[in-house]
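Notes follow the structure.
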Amino acid sequence: MRLAAIDIGSNAARLLITEVTENGNGEPQFNKLNLVRVPLRLGFDVFETGSISATKSNKLVETIKAYKHLLRIYDVTHVKACATSAMRDARNSAEILRKVYKETGLEIKIISGDEEASYIYENHIADNMNTDHSYLYIDVGGGSTELTCFARGRLLFKKSFNIGTIRLLKQQVTEADWENMKDFVKAGTKGFSDLIAIGSGGNINKVFSLSKRKEGKPLSLETLKDYYKELSSFTVRQRMELYKLREDRADVIVPALQIYVNVMRWAAIEEIYVPKIGLADGLIHLLYDELKKSTGP
């Protein structure tokens, strides 16, 4: 069967189309068919003015219309669509989503930060890793950062913080916000000396690509610090030229690194794995599980 997930984030909207087949043991195999990313940058409106402009609202509608065409072309049977931090904060989000539904027939659900953390965890990435270790998922977005920690298969905590790349660029993150996150991370990870980080989000994926690391190999905290220092020394335009970055990546990659470095320092984590997964992947897994439950064995 073909499933799709739509993730309306603070920086970009993503459509992920996946083919799901089951092996001889009945276990699902997820094969990515297409991933489309449109940099709508809703957070630039919301975190400055509190609402989404008519221009960006129209672009969102047109993006969903385009996604609907792709869903038909790929013969997608089921789709799950969610919106995160920017839509959570926008005063006019309900009105915009009504417009999207009216013009496209697609219902988009605004999810809480805790739900977002849970859905990212749905990827089950750590299932294939050493169970002797404890893992901290760090998902950095434009409007928020989701942290999910578990050890030996047991969820220890999941928490969302309104600290994101666009909020930092718009100077919407206070010292108190940072202190709150720091205190939570230090208290929540105290006593875990074997913590390993799992990073998700477009920025950590880009840093991993720049590092030329082999797939499956982790990045060290020192490497992230080096990239933060190096990239911070250039303007957005210079980053675009020197590292071949799009503008909508070149401006947010530095605040993203700041968040990853801080969280890893506070949790005393030395390495981060980057399996190139995100909210959309988690939504696909969730959708598959829901369909399996509804149809029975």
Side-chain angles (χ1 to χ4, degrees), residues 5-16 32 34-67 70 81-90 93 96 100 108 116 120 138-146 162-173 199-211 224 227-228 230-261 274 276-281:
I6 295 173
D7 162 21
I8 311 295
S10 302
N11 197 32
R14 292 175 183 81
L15 166 67
L16 173 62
K32 193 177 291 187
N34 202 350
L35 176 64
V36 182
R37 178 185 181 277
V38 179
L40 293 175
R41 320 212 85 183
L42 302 178
F44 278 88
D45 282 359
V46 178
F47 306 140
E48 195 165 23
T49 68
S51 61
I52 295 168
S53 65
T55 301
K56 293 212 167 161
S57 172
N58 290 333
K59 282 185 177 180
L60 173 59
V61 172
E62 292 306 311
T63 298
I64 301 301
K65 283 181 180 175
Y67 287 175
L70 285 170
C82 292
T84 57
S85 189
M87 278 291 189
R88 285 197 289 267
D89 285 13
S93 59
I96 290 169
V100 169
I108 298 171
E116 192 175 348
I120 293 159
I138 309 171
D139 181 71
V140 175
S144 63
T145 294
E146 276 64 49
N162 278 345
I163 297 178
T165 58
I166 297 175
R167 284 190 203 267
L168 282 166
L169 286 178
K170 289 291 180 184
Q171 299 180 322
Q172 299 291 317
V173 178
S200 61
N203 291 294
I204 196 73
N205 289 344
K206 178 51 71 175
V207 172
F208 186 83
S209 297
L210 291 173
S211 76
L224 296 193
Y227 271 111
Y228 176 71
E230 185 179 319
L231 289 162
S232 298
S233 68
F234 299 114
T235 64
V236 171
R237 185 58 52 187
Q238 287 170 328
R239 286 176 217 153
M240 290 169 67
E241 291 169 4
L242 293 168
Y243 301 94
K244 305 290 185 287
L245 300 176
R246 299 184 310 269
E247 185 175 7
D248 63 285
R249 179 66 63 214
D251 58 355
V252 293
I253 197 166
V254 168
L257 279 164
Q258 183 184 3
I259 297 170
Y260 285 110
V261 166
V274 187
K276 296 190 177 173
I277 47 91
L279 177 60
D281 301 85

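Numbering starts at 1 and runs along the sequence shown.
With hydrogens and angles ignored, the 3.5 Å screen pairs a side-chain donor or acceptor of Ser93 with a backbone N or O of Met87. Of the possible polar contacts, none joining the Arg249 side chain to the Lys206 backbone as a donor-acceptor pair under 3.5 Å is found. No side-chain donor-acceptor contact under 3.5 Å links Asn11 to the backbone of Gly142. A distance-only check finds no donor-acceptor pair linking the side chain of Arg37 to the backbone of Ala12 [under 3.5 Å]. With Tyr67 contributing its side chain and Ala13 its backbone, the two residues share a donor-acceptor pair below 3.5 Å. Checking side-chain atoms of Ser209 against main-chain N and O of Asn205 turns up a donor-acceptor pair under 3.5 Å. A distance-only check finds a donor-acceptor pair linking the side chain of Gln172 to the backbone of Phe47 [under 3.5 Å]. Judged by distance alone, the side chain of Thr165 and the main-chain N or O of Ala256 form no donor-acceptor pair under 3.5 Å.
Using a cutoff of 4.0 Å between basic side-chain nitrogens and carboxylate oxygens, Glu62 and Lys65 are scored as salt-bridged.
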* To do: Please assess Ile64 against Ile6 for the test side-chain contact (heavy atoms from CB on, under 4.5 Å), listing each intermediate value before the final yes or no.
  => CA-CA 9 Å; Ile64 301 301; Ile6 295 173; 4.2 Å; yes
* Take Leu60 and Val100 through the test side-chain contact (heavy atoms from CB on, under 4.5 Å) and record every step on the way to the result. => CA-CA 8 Å; Leu60 173 59; Val100 169; 4.3 Å; yes
* To do: Could you please spell out the steps behind the side-chain contact (heavy atoms from CB on, under 4.5 Å) verdict for Lys32 and Leu16?
  => CA-CA 7 Å; Lys32 193 177 291 187; Leu16 173 62; 3.3 Å; yes
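Between Ile259 and Asn203 the shortest side-chain heavy-atom distance does not fall below 4.5 Å.
Shown here for Ser200 and Gly278, the closest heavy-atom pair between the two residues is CB-CA, 4.3 Å. Taking both residues in full, the closest heavy atoms of Ala250 and Met240 are given as CB-CG, 3.6 Å, listed atom of the first, atom of the second, then distance. The two atoms that bring Asp45 and Ser53 nearest to each other are OD2-OG, 2.7 Å, heavy atoms only. In terms of heavy-atom proximity, Gln238 sits nearest to Ser233 at OE1-O, 4.4 Å. Looking at every heavy atom in both residues, Ser144 comes nearest to Glu116 through OG-OE1, 3.8 Å. The two residues Val252 and Leu169 come nearest to each other via the heavy atoms CG1-CD1, 3.8 Å.
Here the CD1-CG distance, from Ile253 to Leu245, works out to 5.5 Å after rounding to the nearest 0.5 Å. Atom-to-atom distance recorded for Glu146:CD and Ile138:CD1 is 12.0 Å, nearest 0.5 angstrom. Interatomic distance, Arg88 CZ to Asn162 CG, rounded to the nearest 0.5 Å: 7.0 Å. Taking CD from Gln258 and CG from Leu231, the interatomic distance works out to 13.0 Å, rounded to the nearest 0.5 Å. The NZ atom of Lys276 lies 12.0 Å from the CG atom of Asp281; values are rounded to the nearest 0.5 Å. A distance of 7.5 Å separates CG of Asp139 from CD1 of Ile277, quoted to the nearest 0.5 Å.
Of the options Thr84, Ile52, Ile166, a side-chain contact (heavy atoms from CB on, under 4.5 Å) to Leu42 is made by Ile52 and by none of the others.
Under the side-chain contact (heavy atoms from CB on, under 4.5 Å) criterion, Glu230 pairs with Phe234, Tyr243, not counting sequence neighbours.
A 6.0 Å sphere centred on CD of Glu247 holds no more than 12 heavy atoms belonging to other residues, nucleotides or ligands. More than 12 heavy atoms of other shown residues, nucleotides or ligands fall within 6.0 angstrom of atom CZ in Arg246.
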